[in-house]
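In what follows, chains carry the letters A, B, and so on, assigned in the order in which the sequence lines appear, proteins first and then strands, with residues in each chain numbered from 1.
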Amino acid sequence: MSQSNRIVKQTGKYVLLTAALVLFAGPLVWMLSTMMKTKAETYKVPPTILPESLNFEAFQRLFDVQPLMWRWIQNSFTISALIVIGAVLSSSIVAYGFSRFSTKYKDRLFPIVLMTLMIPPSILMIPSYVLFTKLHWVDTWLPLIVPAWLGGAYYIFLFRQFFMTIPQELDEATYLDGGNRWTVFTRVIMPLSKPIVVTTVIFAFVNSWLDFLGPFLYIKSNDMFTLSVGLQMLIGQTSQDFPALAAGAFISIVPIGLLFLFAQRYIVEGVVLTGSKG
Amino acid sequence: MKNKLRQYDTLVFFLFISPWIIGFSLFFLVPFGTSVFYAFTDARLPGAVDYNFVGLSNFVDMFNNPIFSKSLQNTGYFVIVGVPVVTAGMLLIALLLNMNVKGIALYRTFYYLPTLVPIVATVIIWRLVFNSEFGILNAGLAKLGIGKTDWMGSEGLIKPVIILLQVWISGSGVLIFLAALKNVPKHLYEAVLIDGANKVQSFFRVTLPMISPSILFVVIIQTMYNFQMFTEALLLTKGGPNYAAYTFVYNIYKSAFTDLKFSMAMTQSIFLFALISLVTFVLMKLSKRFVYYEGEK
């Protein structure tokens, strides 16, 4: 009795999980299926769930309709790389300041770093646009990249929390050997901080790849677009070519999907720690 | 001598944090100050040099604009209806994923995937699924005998569709709840079990109180996010149909980039900031009654 009871219970759990899975993975499967259909097949009523035959013409059409696709993909990678480098370098340097010095200014300024995390970003959308207009940065990548090189609050926080766990004795040994603050940072702290560097690299990459609003507001020229902004324009151009749109969506998911496969642990830990997707 | 050293070290401290000081001043203090300043002027363009001070008239105009009240109502809907629905959805999924069955890790991966999809791709996918002629959703509903529904084109449905989209990409909140559920001590469940509590009772008497700090955290983050709802509304239906998804931040965007009234957009931004601060403050105050922190008396 209790044996069969358990089997019923286990089965019930799988049924629930699988039903929910259909709701969550279903739309992604529908995208995959649509991108491999012919244009004609997507107009069938009722629709076919899986493509009648696999074909990848949609990708060909996508790159024909929009010759800038390659350019946008390259742009997205370039911008993301520049943001990642800036985030790691600047945030680690600032976090070292906030973790290893004993001055009253440190205790007064660090709460302000944390406070900026709580400020809703959209209230700064318009005044930032005014600022970047006056700096003549609109229609360049500078509004996306420069802020990353000047210390993001999230990453400063992540680095600082990590640095606090490194024993101070290691610093002191280096001072005895004639080292200064900078040598401690570069020779002691950073070599021990690989895990947090990896986390920051992943988070900064995911964040910049997912960013839509920044590039959408500041970049005006088609050949400077990121992939997301380009795809948004494509929706307007070919709203009825469903396979090509699905192919475009698929391409924009692949880099993050691959990263997630290899770095799932880091992403999950980071989310739980900071409460954001990045 | 010692004093000199100390001063020198303070200088080095400021050198280390100088990137943040520059970034904070340039990309935070300056824009913040700019908005407060512009809100009392009639500047129209981002680089405007000739403008007049108009006192509080931007604030008066703002409240007299019917589109402003509409956008405030829409955003109110996303906060008052959207936040509880999305939070409950996250909690429900987290409870599902916390079940003790084989292969659960694989399920968890799939639930998190939509969260990592770029928003433009999400919108493309939703247009494919919800397409009233050729979408899979209406086809499935037709099998159940439910007639064709125009999901994106009906005023009554667009907001629920957007909230559903938020549940679809709510993986981060689910992860936070999942971590909290794992931290609930097992012996508490055993204790109420001995008291004769069933599953539902133990959920309300043990699980909910124990994870209440995480609930507060998620509710605050989601509230702030929904107050700022914009990209989804812009990309799905451009705020339509008939202003049904015209959110507060969408209105700010339109004031600036369509009406070219930058001073009005700044006025609205300041109002939004005040509103979000007030609501967050009230949430924190109210939560003292509901949130249980371990280690507290």
Side-chain angles (χ1 to χ4, degrees), chain A residues 10 13-14 16-17 20-21 24-25 27-28 30-31 34 42-43 46-47 90 93-94 96-98 101 103 105-106 113 116 120 122-124 126-131 133-134 147 150-151 156 181 209-210 212-213 228 231-232 235 242 245-246 249 252-253 256 260 264 268 271-272 275-277, chain B residues 9-10 12-13 16-17 19-20 22-24 27-28 30-32 34-35 46-47 93 96 99 101 107 109-111 113-121 124-126 128-129 133-134 136 139 142 168 172 175-176 179 217 221 224 227-228 230-231 235 249 252 256 262 265-266 269 272-273 276:
Chain A
Q10 286 292 99
K13 284 177 178 176
Y14 279 114
L16 272 177
L17 275 173
L21 184 67
F24 275 75
L28 289 173
W30 184 241
M31 171 194 77
T34 305
T42 57
Y43 298 139
S90 66
I93 290 175
V94 173
Y96 177 74
F98 278 121
F101 287 81
T103 128
Y105 299 106
K106 184 185 84 174
V113 176
T116 58
S122 57
I123 64 152
L124 295 176
I126 303 299
S128 302
Y129 190 87
V130 171
L131 173 73
T133 306
K134 290 195 171 155
L150 293 170
I156 294 174
R181 291 283 193 183
W209 193 269
L210 294 185
F212 169 74
L213 211 48
S228 276
L231 282 180
Q232 190 262 342
I235 298 179
F242 302 132
L245 285 174
S252 76
I253 296 171
I256 296 220
F260 185 59
Q264 191 176 355
V268 169
V271 168
V272 173
S276 90
K277 136 176 81 196
Chain B
D9 207 43
T10 305
V12 176
F13 164 73
F16 268 101
I17 68 160
W20 175 76
I22 299 169
F24 174 71
F27 303 123
F28 188 85
V30 168
F32 205 80
T34 317
S35 345
I93 300 160
L96 276 181
M99 293 191 305
V101 296
Y107 280 101
T109 305
F110 277 107
Y111 286 100
L113 273 182
T115 307
L116 292 172
V117 174
I119 187 71
V120 176
I124 290 176
I125 293 169
W126 277 58
L128 297 174
V129 170
E133 298 284 332
F134 313 112
I136 186 78
W168 194 58
S172 299
L175 283 183
I176 291 169
F217 183 64
I221 299 241
M224 287 179 62
F227 261 119
Q228 302 177 72
F230 170 50
T231 319
L235 290 174
V249 176
I252 293 180
F262 271 76
M266 309 254 199
S269 303
L272 181 68
F273 179 56
I276 295 180

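- At a 4.5 Å heavy-atom cutoff, the contact between Ile235(A) and chain B is made by side-chain atoms alone.
- In terms of the side chain to side chain contact (heavy atoms under 4.5 Å, CB included) criterion, residue partners of Leu21(A) (sequence neighbours excluded) are, by chain and number, Ala25(A), Tyr107(B), Phe110(B), Tyr111(B).
- Counting heavy atoms from C-beta outward, Ile124(B) and Thr34(A) have side chains that stay 4.5 Å or more apart.
- For Ser252(A), the parts lying near chain B are the backbone and the side chain together; criterion is any non-hydrogen pair under 4.5 Å.
- Closest heavy-atom contact between Phe27(B) and Pro147(A): CE1-CA, 3.8 Å.
- Using a 4.5 Å cut-off between heavy atoms, Tyr96(A) contacts chain B through its side chain alone, with no backbone atom that close.
- Here the closest non-hydrogen pair linking Leu17(A) and Leu96(B) is CD2-O, 3.8 Å.
- The shortest distance between side-chain heavy atoms of Phe227(B) and Pro120(A) does not fall below 4.5 Å.
- Using cut-offs of 30° and 60° for the angle between ring planes, the Phe101(A) and Phe16(B) rings count as tilted.
- Counting all heavy atoms, side chain and backbone alike, Ser122(A) lies closest to Val249(B) at OG-CG2, 3.8 Å.
- Contacts of Gln264(A) with chain B are made by side-chain atoms alone, with heavy-atom separations under 4.5 Å and no backbone atom involved.
- Of the possible polar contacts, none joining the Trp20(B) side chain to the Leu150(A) backbone as a donor-acceptor pair under 3.5 Å is found.
- For the pair Asp9(B)/Arg181(A), a side-chain contact is recorded, criterion being any heavy-atom separation below 4.5 Å from C-beta on.
- Using a 4.5 Å heavy-atom cutoff, the side chains of Phe134(B) and Thr42(A) are not in contact.
- A search for ring pair (Phe, Tyr, Trp, His ring centres under 6.0 Å) contacts involving Tyr105(A) returns Phe14(B), not counting sequence neighbours.
- The nearest pair of heavy atoms linking Leu124(A) to Phe28(B) is CD1-CD1, 3.7 Å.
- Heavy atoms of Ser128(A) lying under 4.5 Å from chain B belong to its backbone as well as its side chain.
- Listed here is the closest heavy atom pair of Pro127(A) and Thr34(B): CB-CB, 4.3 Å.
- Only the side chain of Leu131(A) comes within less than 4.5 Å of a heavy atom of chain B; its backbone N, CA, C and O stay farther away.
- For the pair Thr115(B)/Phe260(A), no side-chain contact is recorded, criterion being any heavy-atom separation below 4.5 Å from C-beta on.
- The minimum heavy-atom distance between Val130(A) and Met266(B), with the atom names listed, is CG2-CE, 3.5 Å.
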